[in-house]
Amino acid sequence: MTHRDPQSAGKEISAQDRARLDQIFMQVILDAQAQVQQTTPAQPGNLAAMFHKESVSDALQGCAMLIAGWNQGRVDELGLTRATKALRALGLGDLAQRLENLRQIDES
């Protein structure tokens with residue numbers, strides 16, 4: 001067993017599973033990115049806009065981390081946590097659950 005940087009921790013995915021599941025994984029990520037970019041602040045005002053912008057940024061960065069991890073053969077736990085927390089802050093709980101289901105993508 002090799003030692004990994006704790007920040008890159010996540011569930012390992014075999015090359016065969018990645019090839020078989022790549023389209024599904026990427027569709028979930030692309031859906032998340034598209035929906036996040038269409039959200040608007042929950043309330044008027046600069047403070048709400050600032051928090052909204054931060055949540056959108058966190059969600060998109062989390063998705064980018066998930067893609068990078070996927071390309072390295074894993075479901076990136078840090079990226080998943082970041083993205084799902086931001087999605088919930090944006091009121092996209094169902095989408096956050098879809099992302100969390102990526103942890104078991106190779107179990108179907």
Side-chain angles (χ1 to χ4, degrees):
M1 181 171 196
T2 59
H3 289 90
R4 290 186 159 271
D5 177 355
Q7 287 188 331
S8 67
K11 182 178 181 177
E12 297 291 324
I13 304 292
S14 73
Q16 295 83 7
D17 281 340
R18 269 190 21 246
R20 177 176 61 91
L21 299 167
D22 187 64
Q23 188 174 359
I24 295 167
F25 181 90
M26 288 307 298
Q27 188 60 53
V28 172
I29 298 298
L30 291 173
D31 274 358
Q33 291 172 327
Q35 287 189 46
V36 162
Q37 292 174 334
Q38 293 182 19
T39 61
T40 58
Q43 302 171 15
N46 291 337
L47 189 60
M50 182 183 73
F51 281 115
H52 178 261
K53 184 177 179 181
E54 184 176 316
S55 293
V56 167
S57 178
D58 281 349
L60 294 175
Q61 287 175 8
C63 286
M65 293 165 70
L66 281 164
I67 292 168
W70 183 255
N71 290 336
Q72 294 174 1
R74 62 185 160 70
V75 176
D76 187 274
E77 189 60 36
L78 190 59
L80 188 61
T81 300
R82 184 177 200 161
T84 56
K85 181 179 176 184
L87 289 171
R88 286 192 173 90
L90 292 166
L92 299 172
D94 289 347
L95 191 54
Q97 184 60 51
R98 280 184 64 201
L99 252 62
E100 287 177 337
N101 290 341
L102 292 175
R103 282 189 185 104
Q104 293 89 26
I105 192 169
D106 62 335
E107 296 172 16
S108 56

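The residues of the chain are indexed from 1 along the displayed sequence.
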Subject >> Distance-minimising heavy-atom pair for A59 and L87 >> reply: CB-CD2, 4.4 Å
Subject >> Residues in side chain to side chain donor-acceptor pair (under 3.5 Å) contact with E100, at least two apart in sequence or another chain >> reply: R88
Original post:
Which residue pairs satisfy the side-chain hydrogen bond (donor to acceptor under 3.5 Å, both in side chains) criterion with at least one member in residues 57-69, sequence neighbours excluded?
Top reply: S57-Q61, D58-R82, Q61-R82
Original post:
Can M50 be reached from L90 by stepping across I, L, V, M, F, W or Y side chains whose heavy atoms are under 4.5 Å apart?
Top reply: no
**OP:** Would you sort out whether E12 and R18 count as a salt bridge (Lys or Arg N to Asp or Glu O under 4.0 Å), showing the intermediate values?
**Re:** CA-CA 10 Å; E12 297 291 324; R18 269 190 21 246; over 6 Å; no
Original post:
From R103 CZ over to E77 CD, what is the distance, rounded to the nearest 0.5 angstrom?
Top reply: 4.0 Å
Original post:
So I105 and D17, side chain to side chain contact (heavy atoms under 4.5 Å, CB included) or not? Walk me through it.
Top reply: CA-CA 9 Å; I105 192 169; D17 281 340; over 6 Å; no
Original post:
What pairs with T81 under side chain to side chain donor-acceptor pair (under 3.5 Å), at least two apart in sequence or on another chain?
Top reply: none
Subject >> Nearest non-hydrogen partners of S55 and A86, listed with the distance >> reply: O-CB, 3.3 Å
N/O donor-acceptor pairs under 3.5 Å from side chains in residues 33-42, not counting sequence neighbours:
from : atom 1 : to  : atom 2 : distance (Å)
T39  : OG1    : V36 : O      : 2.7
T39  : OG1    : H52 : NE2    : 2.8

Original post:
Got a sec, which residues hit salt bridge (charged side-chain N to carboxylate O under 4.0 Å, His left out) with R98, two or more places apart in sequence or on another chain?
Top reply: D31
Original post:
Rounded to the nearest 0.5 Å, what separation is found between the CG atom of N101 and the CG atom of L80?
Top reply: 9.5 Å
**OP:** Mark yes when over 12 heavy atoms from residues, nucleotides or ligands other than K85 sit less than 6.0 Å from its NZ; otherwise mark no.
**Re:** no
Original post:
Is the shortest heavy-atom distance from the side chain of L102 to the side chain of I29 under 4.5 Å?
Top reply: yes
Original post:
Given the rule that I, L, V, M, F, W and Y join up when any side-chain heavy atoms are under 4.5 Å apart, are L92 and L30 in one cluster?
Top reply: no
Subject >> Pairwise side-chain contact, V56 with F51, heavy-atom cut-off 4.5 Å (strictly under) >> reply: no
Original post:
Taking C-beta and beyond as the side chain, do L66 and F25 meet within less than 4.5 Å on heavy atoms?
Top reply: yes
Subject >> CD on Q97 to OG1 on T84, rounded to 0.5 Å >> reply: 9.5 Å
Original post:
Are the charged groups of R20 and D106 less than 4.0 angstrom apart, N to O?
Top reply: no
**OP:** With sequence neighbours left out, write down each residue that passes salt bridge (charged side-chain N to carboxylate O under 4.0 Å, His left out) with D22, or none if nothing qualifies.
**Re:** none
Subject >> Validation row: M26, I67 side chains within 4.5 angstrom (heavy atoms) >> reply: yes
Original post:
Do you know the tightest heavy-atom contact between G69 and D76?
Top reply: CA-CB, 4.3 Å
